[in-house]
Amino acid sequence: MDFIKQQFSVQFEYNVYFTTALFNLQNVVFANFLEEKRTASLQKIFFVIDENVIRENNNLMAEIKAYFKKYDTVVLVEDFLIMPGGEAVKNDLILFNKIVEAVNNSNLDRHSYIVAIGGGSLLDVAGYAAAVAHRGVRHIRIPTTTLSQNDSGIGVKNGVNYLNKKNFLGTFAPPLAVFNDELFLLTLDDRNWRSGISEAIKVALIKDEPFFSWIESNSVKLVERDIKIMNYLVRRCAELHLQHIAGDDPFEIGSSRPLDFGHWSAHKLEQLTNFGVLHGEAVAMGIALDSVYSTFSGRLSIQKADRVIKLLQALGFEITHPFMEVGKDNSLLDGLDEFRQHLGGQLTIMLLCDIGKGEEVHEIDNELLAKSARYLKELTKIEVE
């Protein structure tokens with residue numbers, strides 16, 4: 001056999017910054033970062049912004065323009081691209097094309113920057129466009145929701161929904177940097193403030209029992225929107241996610257995705273509700289279902305599953321939905337096969353054998369799953385009564 005073996009490795013490194021009032025003229029965090037990354041060529045910086053962020057931060061565009069007038073390390077493209085927020089932006093390829101067209105029309109090159117400001121969905125689309133335009137334009141994320149600051153916005157994945165499947169198109173492309181500004185969290189409504197907390201519960205359940213207990217102890221303060229408590233939750237959750245990403249399989253070449261505990265049903269629920277249920281809300285329901293299934297399959301005590309459910313409810317999450325019922329005519333089970341296809345290889349689902357300790361399984365008993373769904377439905381009836 002005649003062949004030439006090629007082998008090389010590429011090191012990825014990026015920082016997740018935590019700051020307040022990122023574009024305040026006295027805040028040099030962003031300016032110093034751009035100065036450190038300066039190249040010999042003329043560099044441009046182009047902003048894609050979530051329209052929800054603009055609505056809640058009326059002066060944001062003026063602040064950005066004033067910031068780059070003072071710190072002129074790069075050339076600001078003053079025609080900002082304002083995009084819809086939420087999952088809808090990932091369902092319309094025309095919106096993705098607008099970003100690519102802007103790269104062309106603004107003459108951005110591979111030394112230029114695409115900065116995305118918004119929730120996880122907008123960051124996903126902008127990240128995908130940045131990854132494929134010129135085979136890679138420098139990408140900076142500024143997440144503005146709890147979920148994007150502690151989970152989706154700090155990782156290495158991006159993409160869009162296609163063929164009615166979540167994230168069917170996408171790439172693994174680490175950002176150049178992430179900037180978390182706590183002030184954006186203060187503008188969120190209660191649903192979006194709460195939504196990202198489910199991802200913190202998820203990672204705590206599979207990796208960090210003390211963190212789970214801390215969330216339990218601080219659930220009232222989280223509901224009351226205590227920003228100091230939320231800042232700790234965001235940072236610890238981000239830290240645990242980043243530790244995992246830096247492990248053996250950052251680009252998910254294998255068929256295991258532990259950080260998607262509770263997600264197989266969540267992704268399907270989002271689709272079945274036409275994304276009327278927020279991602280974090282769906283994840284909360286998925287966590288409840290898989291926690292109870294962990295009990296009925298002999299892995300987790302009912303007392304510990306109830307701790308999980310009570311925490312979710314204390315934070316204001318629903319624990320089930322009509323589309324979460326499992327039966328012969330229910331489409332939820334299609335989520336298992338779609339989950340397997342998305343990863344490749346055999347089905348791999350993370351379940352709980354203790355709080356803070358996960359266990360991967362490769363098959364799901366549909367009858368036990370149906371029993372788990374009924375258990376959650378009965379719990380909601382008890383709560384109503």
Side-chain angles (χ1 to χ4, degrees), residues 146-147 150-151 190-226 228-230 232-234 236-237 240 258-266 269 277-326 332 349-359 368-385:
T146 308
L147 194 147
N150 71 9
D151 183 356
D190 287 343
R191 284 184 74 189
N192 282 287
W193 169 276
R194 178 194 311 118
S195 182
I197 300 175
S198 65
E199 295 287 1
I201 295 172
K202 170 209 70 179
V203 74
L205 283 170
I206 63 174
K207 288 182 174 291
D208 191 344
E209 188 279 332
F211 185 36
F212 180 85
S213 296
W214 180 90
I215 300 173
E216 283 183 312
S217 299
N218 289 279
S219 60
V220 173
K221 291 183 178 180
L222 287 167
V223 171
E224 293 174 347
R225 298 177 64 114
D226 185 316
K228 290 183 178 179
I229 297 298
M230 179 59 86
Y232 177 82
L233 180 140
V234 166
R236 180 58 181 155
C237 183
L240 289 168
L259 288 179
D260 272 356
F261 169 64
H263 279 57
W264 73 265
S265 58
L269 178 62
V277 174
L278 298 178
H279 178 70
E281 295 170 337
V283 167
M285 297 181 210
I287 288 172
L289 181 63
D290 285 357
S291 296
V292 173
Y293 182 90
S294 297
T295 293
F296 289 156
S297 61
R299 295 176 171 84
L300 185 71
S301 71
I302 189 64
Q303 292 81 9
K304 290 181 178 179
D306 283 343
R307 274 182 69 188
V308 176
I309 293 167
K310 287 178 180 177
L311 175 57
L312 292 170
Q313 292 177 318
L315 290 165
F317 287 111
E318 299 291 337
I319 58 172
T320 191
H321 185 281
F323 282 123
M324 294 290 281
E325 297 175 23
V326 178
L332 187 71
I349 298 291
M350 175 65 71
L351 296 176
L352 298 179
C353 52
D354 200 352
I355 291 179
K357 186 177 180 181
E359 176 185 14
L368 286 182
L369 192 64
K371 180 180 178 181
S372 303
R374 288 195 299 270
Y375 178 85
L376 291 171
K377 184 178 180 181
E378 289 300 316
L379 279 183
T380 59
K381 288 181 179 178
I382 295 172
E383 290 293 325
V384 170
E385 294 174 357

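This chain uses plain numbering: 1 for the first residue, then up along the sequence. These numbers come from the heavy atoms of this one structure, side chains and all, not from hydrogens, waters or symmetry mates.
Taking CG from Leu376 and CD from Glu318, the interatomic distance works out to 11.5 Å, rounded to the nearest 0.5 Å. The structure places SG of Cys237 at 10.5 Å from CD1 of Ile197, a figure rounded to the nearest 0.5 Å. Expressed to the nearest 0.5 Å, how far CG of Leu351 lies from CD1 of Ile206 amounts to 11.5 Å. The CG atom of Asp226 lies 6.0 Å from the NZ atom of Lys221; values are rounded to the nearest 0.5 Å. Rounded to the nearest 0.5 angstrom, Glu224 CD and Met230 CE are separated by 12.5 Å.
Listed by chain and number, the residues in a side chain to side chain contact (heavy atoms under 4.5 Å, CB included) with Asp208 are Pro210, Phe211, Arg236, Leu240 (sequence neighbours excluded). Applying the side chain to side chain contact (heavy atoms under 4.5 Å, CB included) rule to Lys304 yields the partners Leu300, Ser301, Asp354, Ile355; only residues at least two apart in sequence or on another chain are considered. In this structure Glu359 satisfies the salt bridge (charged side-chain N to carboxylate O under 4.0 Å, His left out) test together with Arg299, sequence neighbours excluded. With sequence neighbours excluded, the residues satisfying side-chain hydrogen bond (donor to acceptor under 3.5 Å, both in side chains) with Arg225 are Asp190.
Contact annotation: the side chain of His321 never approaches that of Lys377 to less than 4.5 Å [non-hydrogen atoms, C-beta and beyond]. Between Ser217 and Phe212, every side-chain heavy-atom pair lies at or beyond the 4.5 Å cut-off. The closest side-chain heavy-atom distance from Ile201 to Leu315 is below 4.5 Å. The shortest distance between side-chain heavy atoms of Leu332 and Leu369 does not fall below 4.5 Å.
For Ala373 against Leu289, the heavy-atom pair with the smallest separation is N-CD1, 3.8 Å. Closest heavy-atom contact between Leu368 and Ser297: CD1-CA, 4.1 Å. Contact between Ser198 and Ile287 at its shortest, heavy atoms only, is O-CD1, 3.5 Å. Taking each heavy atom of Ala314 and Ser219 in turn, the nearest pair found is CB-OG, 4.4 Å. Nearest heavy atoms, Gly286 versus Ser265: CA-OG, 3.4 Å. When all heavy atoms of Val277 and Ala282 are compared, the pair lying nearest together is CG1-N, 3.6 Å.
At least one donor-acceptor pair closer than 3.5 Å links the side chain of Trp193 to the backbone N or O of Leu222. Formation of a donor-acceptor pair under 3.5 Å by the Ser294 side chain with backbone atoms of Leu352 is found in this model. Using modelled atom types, one side-chain atom of Asn218 and one backbone atom of Trp214 make a donor-acceptor pair closer than 3.5 Å.
Within 6.0 Å of the CD atom in Glu216, the count of heavy atoms belonging to other residues, nucleotides or ligands exceeds 12.
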message = Pair Ser195, Thr146 - check side chain to side chain contact (heavy atoms under 4.5 Å, CB included), show working.
response = CA-CA 7 Å; Ser195 182; Thr146 308; over 6 Å; no
task = Give the C-alpha distance, both sets of side-chain angles, the deciding distance and a yes or no for side chain to side chain contact (heavy atoms under 4.5 Å, CB included) between Glu325 and Thr320.
result = CA-CA 8 Å; Glu325 297 175 23; Thr320 191; 5.5 Å; no
query = Can you list the steps and then say if Met350 with Lys202 is a side chain to side chain contact (heavy atoms under 4.5 Å, CB included)?
reply = CA-CA 11 Å; Met350 175 65 71; Lys202 170 209 70 179; over 6 Å; no
query = Is there a side chain to side chain contact (heavy atoms under 4.5 Å, CB included) between Ile319 and Gln313 once you walk through the steps?
reply = CA-CA 7 Å; Ile319 58 172; Gln313 292 177 318; 3.5 Å; yes
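Residue pairs satisfying the ring-ring contact (aromatic ring centres under 6.0 Å, His included) criterion with at least one member in residues 292-318, sequence neighbours excluded, are listed as follows: Phe296-Tyr375. Among residue pairs with one or both ends in residues 280-297, those qualifying as salt bridge (charged side-chain N to carboxylate O under 4.0 Å, His left out) are Arg191-Glu281; sequence neighbours excluded.
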